[in-house]
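Both backbone and side-chain heavy atoms feed into the values below; hydrogens, waters and symmetry mates do not.
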Amino acid sequence: MPHDTPLISTIVGGLVLAFIFGAFAHRLRMPPLVGYLIAGVLVGPHTPGYVADQSLAPELAEIGVILLMFGVGLHFSLKDLLSVRGIAVPGAIAQIAFATLLGWGLGAFLGWPTGGSLVFGLALSVASTVVLLKALQERRLVETERGRIAVGWLIVEDLAMVLALVLIPAAASIGGEGHAPVEPLSAGLNRLFGLDLGIGGMIAMTLVKVALFVALMLVFGRKLIPWTMHRIAHTGSRELFRLGVLAIALGVAFGAAKLFGVSLALGAFFAGMVLAESELSHRAAQESLPLRDAFAVLFFVSVGMLFDPNILIDKPLLILATIFIIVIGKSVAALLIVLAFKKPLGTALTISASLGQIGEFSFILAALGVELGLLPEEGRDLILAGAIISIILNPLLFFLCDRMRPFFESKREESAAEPAAPSADATIAQETAAPEDDDVHPTALSGHAILIGYGRVGRIVGQNLKSSGTPFLVIEDSDKRTGELKALGIETFMGNAVARETLDLANLSGARSLAIAIPNAFEACRIAEQARSVNPSILIVARAHSDAEVDELKQYGADTVIMGEREIALGMVDRLAQVHHEGVPYEDGHGPDTLISTDEPPPQRQ
């Protein structure tokens with residue numbers, strides 16, 4: 001019997017095409033996000049062939065927005081923001097204002113209403129979190145001064161956009177524009193007491209309700225949510241823990257929208273921010289990551305469905321103007337702002353390149369503007385085209401900045417070398433400029449050990465290597481752990497060890513051993529394979545959670561593979577034998593290649 005399954009066909013069509021084009025984009029060294037957007041264009045109503053359900057896609061995208069904002073909240077670091085607040089806060093505000101002004105000017109030139117032009121400008125002013133962080137991680141800049149300023153700048157932009165999402169619906173009726181939803185509390189006061197609060201009253205009521213929601217989350221949520229997650233964690237059920245994380249993200253977002261009238265995005269952001277203060281925040285981020293990634297993909301696909309590619313042919317000059325604002329206007333503004341704060345040229349170039357694109361917040365703002373009747377659909381198409389093209393151009397922008405930096409620095413050195421004898425001021429200037437060279441250089445170690453991952457297992461390995469005086473370095477992709485390692489004086493490279501460039505920095509050809517302490521067997525196999533091809537004599541030790549993973553890792557070059565469950569069982573048998581059968585030996589039946597245990601629980605088998 002045939003069944004009509006629009007939900008299944010929409011999810012399957014979106015994910016399959018997103019995978020195909022995402023992989024193709026990755027192959028071309030572009031962010032997979034570009035492929036997701038193109039997949040959405042292909043299943044949208046503006047292109048021939050299969051068309052996904054136009055009513056279901058936005059609802060799936062809304063879940064994607066909730067989980068996306070929840071992830072932003074989980075990674076929100078007030079400490080990181082405060083460390084660079086002197087430049088990130090005023091710099092981001094000035095750059096947002098400048099880009100918004102440029103976007104407003106283009107909208108006004110096209111005859112759009114004031115509200116729509118402002119929404120358009122705001123959408124062009126905020127960079128993509130996903131693209132920016134990926135670009136910094138690929139260049140190992142997250143832990144440098146440039147990276148910290150860029151991330152802090154990004155946090156300020158995100159907070160500004162969260163505030164914009166709250167205020168735009170309340171202000172949508174300014175000047176008679178749009179069809180903003182009626183604010184319930186204002187309408188109730190008008191009905192009961194005949195009080196007409198006007199636009200100012202609506203905005204005030206909205207801010208009051210937001211303040212109540214924020215206060216409730218900070219007073220009760222920051223205690224209740226971590227306490228709940230700790231209680232769930234004590235059950236020992238990974239399934240319940242994962243479900244609890246998702247229930248908090250979706251439940252708080254939905255409750256905030258229904259009870260306080262704030263956006264789903266704001267509710268999810270605060271849920272993540274409150275949970276980020278818990279010790280379980282890292283685990284919560286890991287457990288929710290697969291579903292967050294899946295629905296984020298559907299969000300980008302649904303955004304691509306709205307894009308009409310005919311605008312690329314019909315209005316190329318408007319596309320160029322939009323790209324100019326995003327890539328040139330924003331980048332030049334950021335460059336001048338950073339230089340005005342007397343930061344090194346390398347820092348200014350990195351931040352300007354990082355911000356020369358737009359992404360997820362721009363899509364959310366565009367969708368909200370069209371929904372409220374503020375932004376014409378033409379504006380949304382320009383934003384989507386600008387996002388796709390600017391993300392494609394972003395690696396080129398970084399390349400140009402890297403090429404320009406030595407040229408400008410050589411000019412600066414020539415001008416600084418003109419005086420015959422350096423003055424005291426020049427000496428101070430040189431000392432001040434020295435920290436600009438924060439590029440990552442290859443290690444000078446040889447005959448050393450390379451440790452991949454510094455989680456609970458890697459930490460024990462690293463501590464033993466350090467106590468035994470063995471020269472070693474660590475490759476870690478967590479910002480927090482990298483900072484801890486550097487504070488301990490341990491040489492650390494930030495990045496994913498699967499990338500050949502990261503392994504090359506660790507002098508793989510001159511190392512004696514490689515300890516792969518990450519739990520991801522797929523990545524561990526890739527690392528072992530590359531290591532064996534570069535250094536055939538290196539000792540490779542890895543970890544596994546199953547016999548199949550043991551066999552696979554050995555097939556890809558690992559010498560010794562340690563399976564946690566087996567070693568835990570052997571340790572228990574050993575202790576029991578000491579009590580019940582003192583002196584009686586036991587056999588493990590698996591040979592000498594399975595050694596010490598891990599203290600990290602294996603992934604739950606489904």
| Is it true that a side-chain atom of Glu157 and a backbone atom of Ala127 form a donor plus acceptor pair closer than 3.5 Å? | yes

| remark: Rounded to the nearest 0.5 angstrom, the CE-CG distance for Met572 and Leu576 is 6.5 Å

| Take atom CZ in Phe254; do more than 12 heavy atoms of anything else shown fall under 6.0 Å from it? | no

| message | So, taking the atom named CD1 in Ile93 and the one named CD1 in Ile337, what distance separates them when rounded to the nearest 0.5 Å? | response | 10.5 Å

| query | Do we see a donor-acceptor contact under 3.5 Å between the side chains of Thr502 and Asp504? | reply | no

| task | For residues Leu553 and Tyr556, determine if any side-chain heavy atom of one lies less than 4.5 Å from a side-chain heavy atom of the other. | result | no

| task | Identify, with sequence neighbours excluded, every residue that meets ring pair (Phe, Tyr, Trp, His ring centres under 6.0 Å) alongside Phe270. | result | Phe213

| Between Ser468 and Thr470, do the side chains contain an N or O donor and an N or O acceptor separated by less than 3.5 Å? | yes

| query | Can you find a heavy atom in the side chain of Leu243 that is under 4.5 Å from one in the side chain of Phe241? | reply | no

| message | Quick check against the 3.5 Å criterion: does Asp574 have a side-chain atom that pairs as donor or acceptor with the backbone of Leu570? | response | no

| task | Kindly give the heavy-atom pair with the smallest separation between Ile87 and Ile149, and that separation in Å. | result | CG2-CG2, 4.0 Å

| request: Keeping to residues at least two apart or across chains, list the salt bridge (Lys or Arg N to Asp or Glu O under 4.0 Å) pairs with something in residues 224-235. | output: none

| task | Report the distance from atom CG of Leu355 to atom CG of Leu397, rounding to the nearest 0.5 Å. | result | 10.0 Å

| Do Arg459 and Glu484 sit within salt-bridge range, that is, some charged N less than 4.0 Å from a carboxylate O? | yes

| query | Who pairs with Glu491 by side-chain hydrogen bond (donor to acceptor under 3.5 Å, both in side chains), at least two apart in sequence or on another chain? | reply | Thr443

| note | Of all heavy-atom pairs linking Ser354 and Asn394, the shortest is O-ND2, 4.5 Å

| query | Hey, which of Thr492, Val498, Leu503 is the one that makes side chain to side chain contact (heavy atoms under 4.5 Å, CB included) with Ile475? | reply | Leu503

| request: Identify the two heavy atoms, one from Ile540 and one from Gly557, that lie closest to each other, and give their separation to 0.1 Å. | output: CD1-O, 3.6 Å

| said: Using modelled atom types and a 3.5 Å cut-off, is there a donor and acceptor pairing between side-chain atoms of Glu549 and backbone atoms of His545? | reply: yes

| task | Measure the shortest side-chain to side-chain distance between Lys343 and Ile351 over non-hydrogen atoms and say whether it is less than 4.5 angstrom. | result | no

| request: Measure the spacing between OG1 of Thr235 and NE2 of His230 and express it to the nearest 0.5 Å. | output: 13.0 Å

| Distance-only, no hydrogens or angles: does the Asn507 side chain make a donor-acceptor pair with backbone N or O of Ala444 under 3.5 Å? | no

| field | Minimal non-hydrogen separation, Ile66 against Ala268, with atom names | value | O-CB, 3.1 Å

| Closest non-hydrogen atom pair between Ala531 and Ile538, with its separation | O-CG2, 4.2 Å

| remark: Value for CG (Leu539) from CD1 (Ile450), rounded to nearest 0.5 Å, stands at 11.5 Å

| query | Is there a donor-acceptor pair under 3.5 Å between the side chain of Gln357 and the backbone N or O of Ser128? | reply | yes

| Do Leu473 and Phe493 have side chains that get closer than 4.5 Å, going by heavy atoms? | yes

| Is a side-chain N or O of Arg532 found less than 3.5 angstrom from the main chain of Pro536, in a donor-acceptor match? | yes

| query | Does Thr347 offer a backbone N or O that forms a donor-acceptor pair with the side chain of Thr350 under 3.5 Å? | reply | no

| field | For the student: nearest non-hydrogen atoms of Ala271 and Phe70, plus distance | value | C-CE1, 3.9 Å

| query | Tell me, which pairs form a side-chain hydrogen bond (donor to acceptor under 3.5 Å, both in side chains) where one or both residues lie in residues 519-529, sequence neighbours left out? | reply | none

| task | Return the set of residues passing side-chain hydrogen bond (donor to acceptor under 3.5 Å, both in side chains) with Ser467 (not counting sequence neighbours), or none when no residue passes. | result | none

| said: Rounded to the nearest 0.5 Å, what separates atom CG in Asn464 from atom CG in Leu451? | reply: 11.0 Å

| message | According to side-chain hydrogen bond (donor to acceptor under 3.5 Å, both in side chains), who are the partners of Ser513, at least two apart in sequence or on a separate chain? | response | none

